[in-house]
**Q** 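I'd like to ask some things about the structure below.
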Amino acid sequence: MASVRTPATIMIELVKDLDSRLRDVGRPRTLHEPRQASRFRADLFKFEGWTRLHRNWPNKDDAKTFSRFRDQSKELEDVLGAVDTANTLLTEASLRDIPALVRHQAEELHSAEQELKRILREGGWMPKLGPSRTEKIAEKLATIEWPAPNEHLKYVLTEIANEIGAFQIRFDSELRSVLLKKKYDAEIVENFVHEWRRQIRWFAIYLQTARGLVALKGLPAKPSKVEAALIEEMSGNPFAKLPMVAGARVKIDAIAYYELTRLIDGVGKIKESAELYFGMKKRLVDSGAASDADADAIVRKFYGDVPE
């Protein structure tokens, strides 16, 4: 008989998943490979998200522990992101056949990979000797006095609801007016579009991580044309993979969740194209391949009028 999932067992499972992924990879160099890095980064996001939800934990000492785990996982996630970005821009530089830019990006990728190796070793994720970071985290989680599953789930759901409310206030007061601008620059992409997408993505990650406890209600028996189109569009989207479990403790509206996943996907495409545009522009200048004015014209020729 399968064991019952609780918020506590979910967090422990997430650490085991990270540990298993690292053991499969075997060595820091292998984690440079984009597919391996992507899989590990996805697991890391789930663990980071679950630690975020526990940052207001009633036991202050344990809350500090969760915050430390969150900082450690985010540090690793950030450098994995830097490696991914450097890889993407190196591919673009090679495709555009700009030698100075290719050399610059090769150096940037090498630096990012060296930083990844350093964090994996010095951060203890893949130590040469002794217990790994994941083993230490698992040992610490085993000592925590978790509340009853019902109380723990209530805490998690309350934190998610509070975060949604706080983000809505922040969106209305800080983000909305900037996101409605007709033209974006690199600062808007980094500090506003990226922040918007990251926050709405957390909500999907929280719910996906709580699979078995949280599930979708059944789809409408007779969906409208708009709903049917949405269901078809989201059928293959990775963020829409939330199960419809009969015994789940909490069920949320499937159409609303699919709307969330569509928003994440749409904002993600905007973010990726804008980051590529502004990333290539900056590196054209940094590599000496073009002046600032020329770089703007070059990337516009490559990618179109992305800022608009």
Side-chain angles (χ1 to χ4, degrees), residues 25 27-42 44-45 48 71 73-123 125-126 175 178-179 181-198 201 265-308:
V25 169
R27 56 181 182 172
R29 180 68 191 174
T30 311
L31 202 56
H32 297 171
E33 199 274 320
R35 285 189 180 180
Q36 294 279 12
S38 178
R39 295 187 189 106
F40 179 69
R41 199 177 178 196
L44 200 61
F45 269 128
E48 183 186 341
D71 291 343
S73 56
K74 187 176 188 310
E75 178 189 42
L76 180 53
E77 188 275 314
D78 283 346
V79 74
L80 282 166
V83 172
D84 182 59
T85 297
N87 252 318
T88 298
L89 294 176
L90 176 58
T91 300
E92 281 293 308
S94 300
L95 178 65
R96 305 302 174 180
D97 194 22
I98 305 175
L101 184 57
V102 171
R103 288 193 297 271
H104 181 274
Q105 280 312 115
E107 291 172 1
E108 183 175 304
L109 177 58
H110 178 72
S111 295
E113 289 177 340
Q114 290 299 107
E115 180 64 8
L116 174 58
K117 180 178 179 180
R118 184 190 69 78
I119 288 176
L120 288 169
R121 290 299 193 203
E122 295 181 9
W125 295 96
M126 300 180 78
L175 301 181
V178 177
L179 293 171
K181 287 181 179 291
K182 292 184 178 180
K183 189 171 183 176
Y184 287 176
D185 57 22
E187 181 181 358
I188 291 176
V189 172
E190 178 58 30
N191 297 326
F192 293 88
V193 177
H194 180 70
E195 177 62 20
W196 182 29
R197 201 253 182 179
R198 177 168 52 189
R201 184 188 56 183
D265 186 62
V267 177
K269 290 175 181 176
I270 294 170
K271 169 182 164 291
E272 288 169 7
S273 63
E275 285 181 339
L276 182 60
Y277 181 99
F278 291 113
M280 284 288 280
K281 178 182 175 181
K282 180 179 185 302
R283 286 159 178 82
L284 280 165
V285 176
D286 291 348
S287 67
S291 65
D292 188 66
D294 289 342
D296 190 66
I298 291 170
V299 293
R300 197 174 294 270
K301 181 180 179 181
F302 288 165
Y303 309 117
D305 197 4
V306 171
E308 291 285 351

**Q** Any heavy-atom pair between the side chains of Trp125 and Pro28 that's under 4.5 Å?
**A** no
**Q** Please report the C-alpha distance between Val189 and His194 in whole Å, then the side-chain angles of each, then the deciding distance to 0.1 Å, and finally whether the side chain to side chain contact (heavy atoms under 4.5 Å, CB included) criterion is met.
**A** CA-CA 6 Å; Val189 172; His194 180 70; 5.6 Å; no
**Q** Which pair of heavy atoms, one from Leu284 and one from Ala295, lies closest together, and at what distance?
**A** CB-CB, 4.0 Å
**Q** Drop me the distance from Ile188's CD1 to Trp196's CH2, to the nearest 0.5 angstrom.
**A** 13.0 Å
**Q** Looking only at non-hydrogen atoms, find the nearest pair between Tyr277 and Gly304 and report the distance.
**A** CE1-O, 3.5 Å
**Q** Using 0.5 Å steps for rounding, measure from the CD atom of Glu77 to the CZ atom of Arg41.
**A** 4.5 Å
**Q** Restricting to non-hydrogen atoms, name the atom on Ile298 and the atom on Ala290 that form the minimum distance, rounded to 0.1 Å.
**A** CD1-CB, 3.8 Å
**Q** Could you check if a side-chain atom of Lys281 sits within less than 4.5 angstrom of a side-chain atom of Asp292, using non-hydrogen atoms only?
**A** yes
**Q** Is the closest side-chain heavy-atom distance between Thr85 and Thr88 below 4.5 Å?
**A** no
**Q** Could you point out which residue of Asp265, Ile270, Val267 forms a side-chain contact (heavy atoms from CB on, under 4.5 Å) with Arg197?
**A** Val267
**Q** Heavy atoms, side chains only, cut-off 4.5 Å: are Ser273 and Tyr303 in contact?
**A** no
**Q** Is there side-chain contact between Gln105 and Glu92, with heavy atoms separated by less than 4.5 Å?
**A** no
**Q** Report yes or no: does Arg283 contribute a side-chain atom to a donor-acceptor pair with the main-chain N or O of Gly279 at less than 3.5 Å?
**A** yes
**Q** Would you call Phe278 and Glu190 a side-chain contact if the rule is heavy atoms closer than 4.5 Å?
**A** no
**Q** If I take atom NE2 from residue His104 and atom CG from residue Leu90, how far apart are they, to the nearest 0.5 angstrom?
**A** 11.5 Å
**Q** Just verifying a value: how many Å separate Lys117 NZ and Met126 CE, rounded to the nearest 0.5 Å?
**A** 11.0 Å
**Q** Between Lys269 and Glu272, is the salt bridge (charged side-chain N to carboxylate O under 4.0 Å, His left out) condition met? List the steps.
**A** CA-CA 5 Å; Lys269 290 175 181 176; Glu272 288 169 7; over 6 Å; no
**Q** Could you report the tightest heavy-atom contact between Ile98 and Ala289, atom names first, then the distance?
**A** CG2-CB, 3.9 Å
**Q** With rounding to the nearest 0.5 Å, note down the distance linking CZ in Arg121 to CG in Leu116.
**A** 10.5 Å
**Q** Would you confirm whether Tyr184, through its side chain, and Leu179, through its main-chain N or O, come within 3.5 Å as a donor-acceptor pair?
**A** yes
**Q** Looking at every non-hydrogen atom in both residues, tell me the closest pair between Val83 and His32 and how far apart they are.
**A** CG1-O, 4.4 Å
**Q** Could you walk me through whether Leu101 and Met280 pass side chain to side chain contact (heavy atoms under 4.5 Å, CB included), step by step?
**A** CA-CA 9 Å; Leu101 184 57; Met280 284 288 280; 3.6 Å; yes
**Q** Measuring only between side-chain heavy atoms, which start at C-beta, is Leu89 closer than 4.5 Å to Leu276?
**A** yes
**Q** Decide yes or no on side chain to side chain contact (heavy atoms under 4.5 Å, CB included) for Glu107 and His110, but give the supporting numbers first.
**A** CA-CA 5 Å; Glu107 291 172 1; His110 178 72; 5.6 Å; no
**Q** If you count heavy atoms of other groups shown closer than 6.0 angstrom to NZ of Lys271, is the number above 12?
**A** yes
**Q** Which pair of heavy atoms, one from Ala100 and one from Ser287, lies closest together, and at what distance?
**A** O-CB, 3.7 Å
**Q** Give the C-alpha distance, both sets of side-chain angles, the deciding distance and a yes or no for side chain to side chain contact (heavy atoms under 4.5 Å, CB included) between Arg300 and Asp296.
**A** CA-CA 6 Å; Arg300 197 174 294 270; Asp296 190 66; 3.4 Å; yes
**Q** Kindly compute the distance separating CG (Leu120) from CG (Leu80), expressed to the nearest 0.5 Å.
**A** 7.0 Å
**Q** Any heavy-atom pair between the side chains of Gln114 and Arg118 that's under 4.5 Å?
**A** no
